[in-house]
Amino acid sequence: MTSSPTPSPPPLPENGPRMSREDFDSLFDSVRTWGTWSPADRGAWNRVTPAHVQRATALVRSGVTVPMALPWNTVPGPDNGKPALHYMSDLGDVEAPEPSCHKDFIAVDYHGKGVSHLDALSHIAYRGQLYDGRTAREVVDAAGARFGAVSELGPLVTKGVLIDLPAVLGTDWLEPGTAVHAEDVLAAEKALGVTIAEGDAVLLRSGHFRRRAELGAWNPDNASAGFHVDAVPLLAERGISLLGGDGDSDVRPSPVDGLHSPVHALALTAMGVPMLDNLDLEALSAACAAAGRYEFLLVVAPLNVPGGTGSPVNPVAVL
């Protein structure tokens with residue numbers, strides 16, 4: 001009996017146009033903000049002033065609160081190659097009998113696809129340099145980062161804007177590999193009634209985790225929806241403070257020759273914009289649709305890890 005041939009996977013969506021390294025380097029230099037702020041470690045978070053915070057708090061109307069972190073993921077899979085750890089270290093049998101005490105241990109290698117986390121400015125170097133022109137080998141070693149550490153960022157409270165492209169397009173999700181261009185962002189602003197302004201945090205929903213729930217996990221390193229590099233000049237022009245999404249913001253495969261994470265290099269290294277990766281934006285999408293608005297108060301409070309290149313985090317939107 002002849003077995004049926006294994007069906008070939010569907011073709012990836014068009015994620016071009018392709019960009020050469022030469023053109024990418026020109027783009028990198030055009031959006032670079034080195035020498036703009038002091039302290040430089042905080043990068044674009046310096047844009048968020050007390051006045052920005054006051055305006056953001058005025059967006060709170062219903063008091064609906066929406067967390068965005070994924071559950072602590074201890075299960076290995078194609079999108080979780082380094083599972084988080086969680087085990088009990090005290091079951092009430094270590095200390096004196098009363099009161100009994102239960103303790104647990106957690107640990108994580110969080111810069112991947114399985115954990116919601118914040119990227120600090122020390123996370124990505126391009127051409128050997130971190131943000132503000134710091135030489136990566138001089139400020140990052142086995143002890144951690146001496147520039148651009150997450151401990152220098154502190155918390156962020158600002159206006160968040162959800163670019164909910166599946167809601168705009170009337171689809172459940174964007175297929176992995178779909179590139180989001182500047183014109184898509186502009187169309188989403190118009191359709192959703194929002195305007196990205198200076199100091200805002202921009203969150204891109206592709207429907208990643210709805211697709212994962214319905215069709216199963218895949219390796220997002222090979223294919224994921226996200227921004228094409230041609231969307232970055234618009235975000236730079238608007239003066240954003242934070243970029244994030246339910247992927248890692250980069251469309252994959254990368255459209256730039258020889259670069260696996262070009263949007264990371266542009267945001268973190270050129271623009272000094274910290275990033276949020278792997279957010280679960282499904283509840284926020286539903287809450288924004290129910291409220292009829294796609295802007296909200298956003299609170300991001302990373303762990304205070306001296307020398308850390310980022311942090312697991314549970315951002316919270318308040319409508």
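Below, all heavy atoms of this structure are taken into account, side chains as well, without hydrogens, waters or symmetry copies.
The backbone N or O of A40 sits nowhere less than 3.5 Å from a side-chain atom of S38 that would complete a donor-acceptor pair. Side-chain N or O atoms of S241 include one that pairs as donor or acceptor with a backbone N or O of D200 at under 3.5 Å. A donor-acceptor pair under 3.5 Å links the side-chain atoms of N278 to the main chain of G112, judged by distance alone. Using a distance-only test at 3.5 Å, with no hydrogens or angles considered, no donor-acceptor pair links the side chain of D29 to the main chain of S26. Without hydrogens or angle criteria, W218 side chain to A223 main chain gives a donor-acceptor distance under 3.5 Å. Remark: the backbone N or O of Q54 is paired with a side-chain donor or acceptor of T57 at under 3.5 angstrom.
Connection of L91 to L85 is not established within any shared hydrophobic cluster, with ILVMFWY side chains joined at heavy-atom distances below 4.5 Å, either directly or through further cluster members. Both I196 and L284 are assigned to one and the same hydrophobic cluster, defined by single-linkage of ILVMFWY side chains at heavy-atom distances under 4.5 Å. W173 and I163 are members of different hydrophobic clusters when ILVMFWY side chains are connected at heavy-atom separations under 4.5 Å. At a threshold of 4.5 Å between side-chain heavy atoms, the hydrophobic network of Ile, Leu, Val, Met, Phe, Trp and Tyr places F209 and V251 in two separate groups. Under the 4.5 Å side-chain heavy-atom criterion for grouping Ile, Leu, Val, Met, Phe, Trp and Tyr, L242 is connected to L303 within one hydrophobic cluster.
For the residue pair H111 / T309, a side-chain donor-acceptor distance below 3.5 Å is found, with atom types taken as modelled. No side-chain donor from either of R134 and S122 sits under 3.5 Å from a side-chain acceptor of the other. In the model, H228 has no side-chain atom that pairs as donor or acceptor with a side-chain atom of N15 under 3.5 Å. With hydrogens and angles left out, the side-chain atoms of H86 and D104 include a donor and acceptor closer than 3.5 Å. Of the N and O atoms on the side chains of H102 and D90, not one donor lies less than 3.5 Å from an acceptor on the other residue. Using a 3.5 Å distance cut-off with no hydrogens or angles, the side chains of S285 and Y294 do not pair a donor with an acceptor. No hydrogens or angles considered: a donor-acceptor pair under 3.5 Å links the side chains of D246 and S206.
A salt bridge links R18 to D257: one of the charged nitrogens lies within less than 4.0 Å of a carboxylate oxygen. Salt bridge absent: E282 and R211 never bring a charged side-chain N and a carboxylate O closer than 4.0 Å. Classification of K159 and E295 as a salt-bridged pair holds, one side-chain N sitting under 4.0 Å from a carboxylate O. Look at D248 and R252 and you find a salt bridge, because one of the NZ, NE, NH1 or NH2 atoms lies within 4.0 Å of a carboxylate O, short of that distance. Between R146 and D141, at least one side-chain nitrogen of the basic residue sits less than 4.0 Å from a carboxylate oxygen of the acidic one, meeting the salt-bridge criterion. Taking a cutoff of 4.0 Å between a charged side-chain nitrogen and a carboxylate oxygen, D164 and R210 do not qualify as a salt bridge. Between R127 and D25 there is a salt bridge, with a side-chain nitrogen of the basic residue lying less than 4.0 Å from a carboxylate oxygen of the acidic one. Of the charged side-chain nitrogens involved, at least one lies within less than 4.0 Å of a carboxylate oxygen, so that K82 and D109 count as a salt-bridged pair.
Cluster partners of W72, using a side-chain heavy-atom cutoff of under 4.5 Å among ILVMFWY residues and allowing indirect links, are I106, V108, Y110, V115.
Distance check: S116 OG to D277 CG gives 9.0 Å after rounding to the nearest 0.5 Å. Summarising the geometry, atom CD belonging to E152 is positioned 9.5 Å from atom CZ belonging to F147; distances are rounded to the nearest 0.5 Å. For the atom pair CD1 (I124) and CD (Q129), the distance works out to 14.5 Å, reported to the nearest 0.5 Å. Within the model, atoms CG of L70 and CG of D79 stand 9.0 Å from one another, a figure rounded to the nearest 0.5 Å. Here the CG-OG distance, from D250 to S261, works out to 5.0 Å after rounding to the nearest 0.5 Å. Interatomic distance, CG of L276 versus CG of L203, reported as 6.5 Å (0.5 Å rounding).
Using a 4.5 Å heavy-atom cutoff, the side chains of P315 and L118 are not in contact. When side chains are defined from C-beta on, V232 counts as touching M271, because their heavy atoms get closer than 4.5 Å. At a threshold of 4.5 Å between non-hydrogen side-chain atoms, the residues L174 and L169 count as touching. No side-chain heavy atom of H123 sits less than 4.5 Å from a side-chain heavy atom of V150. The shortest side-chain heavy-atom distance between V48 and V157 does not fall under the 4.5 Å cut-off. Proximity of Y131 to L268: side-chain heavy atoms (C-beta onward) are nowhere separated by under 4.5 Å. Using a 4.5 Å heavy-atom threshold, the side chains of H264 and M275 count as touching. T74 places none of its side-chain heavy atoms less than 4.5 Å from the side chain of N80.
When all heavy atoms of P262 and V229 are compared, the closest pair comes out as CB-CG1, 3.5 Å. Contact record, W37 with G43: CE3-O, 3.2 Å, taken as the closest heavy-atom pair. Taking all atoms of both residues into account, the shortest heavy-atom contact from C101 to E95 is CB-OE1, 3.4 Å. Nearest heavy atom pair, residue G148 against residue D41, reads N-OD2, 2.9 Å. Summarising the geometry of A125 relative to L130, their closest heavy-atom pair is CB-CD2, 3.8 Å, with the distance given to 0.1 Å. Contact record, L266 with V31: CD2-CG2, 4.1 Å, taken as the closest heavy-atom pair.
Aromatic ring centres of Y126 and F24: separated by under 6.0 Å. Taking the ring centroids of H52 and W45, they lie at or beyond the 6.0 Å cut-off.
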Side-chain donor-acceptor pairs of residues 58-69 under 3.5 Å, sequence neighbours excluded:
{"residue": "S62", "atom": "OG", "partner": "V64", "partner atom": "N", "Å": "3.2"}
{"residue": "S62", "atom": "OG", "partner": "L319", "partner atom": "O", "Å": "3.3"}
{"residue": "T65", "atom": "OG1", "partner": "G63", "partner atom": "O", "Å": "3.3"}

Next on the checklist: Run the side chain to side chain contact (heavy atoms under 4.5 Å, CB included) test on V299 and T158 for me, step by step, so that the C-alpha distance in whole Å, both residues' side-chain angles and the decisive distance to 0.1 Å come before the verdict.
Outcome noted: CA-CA 7 Å; V299 180; T158 193; over 6 Å; no

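Counted within 6.0 Å of CD on E22, heavy atoms from surrounding residues, nucleotides or ligands total 12 or fewer; the atom is thus considered open.
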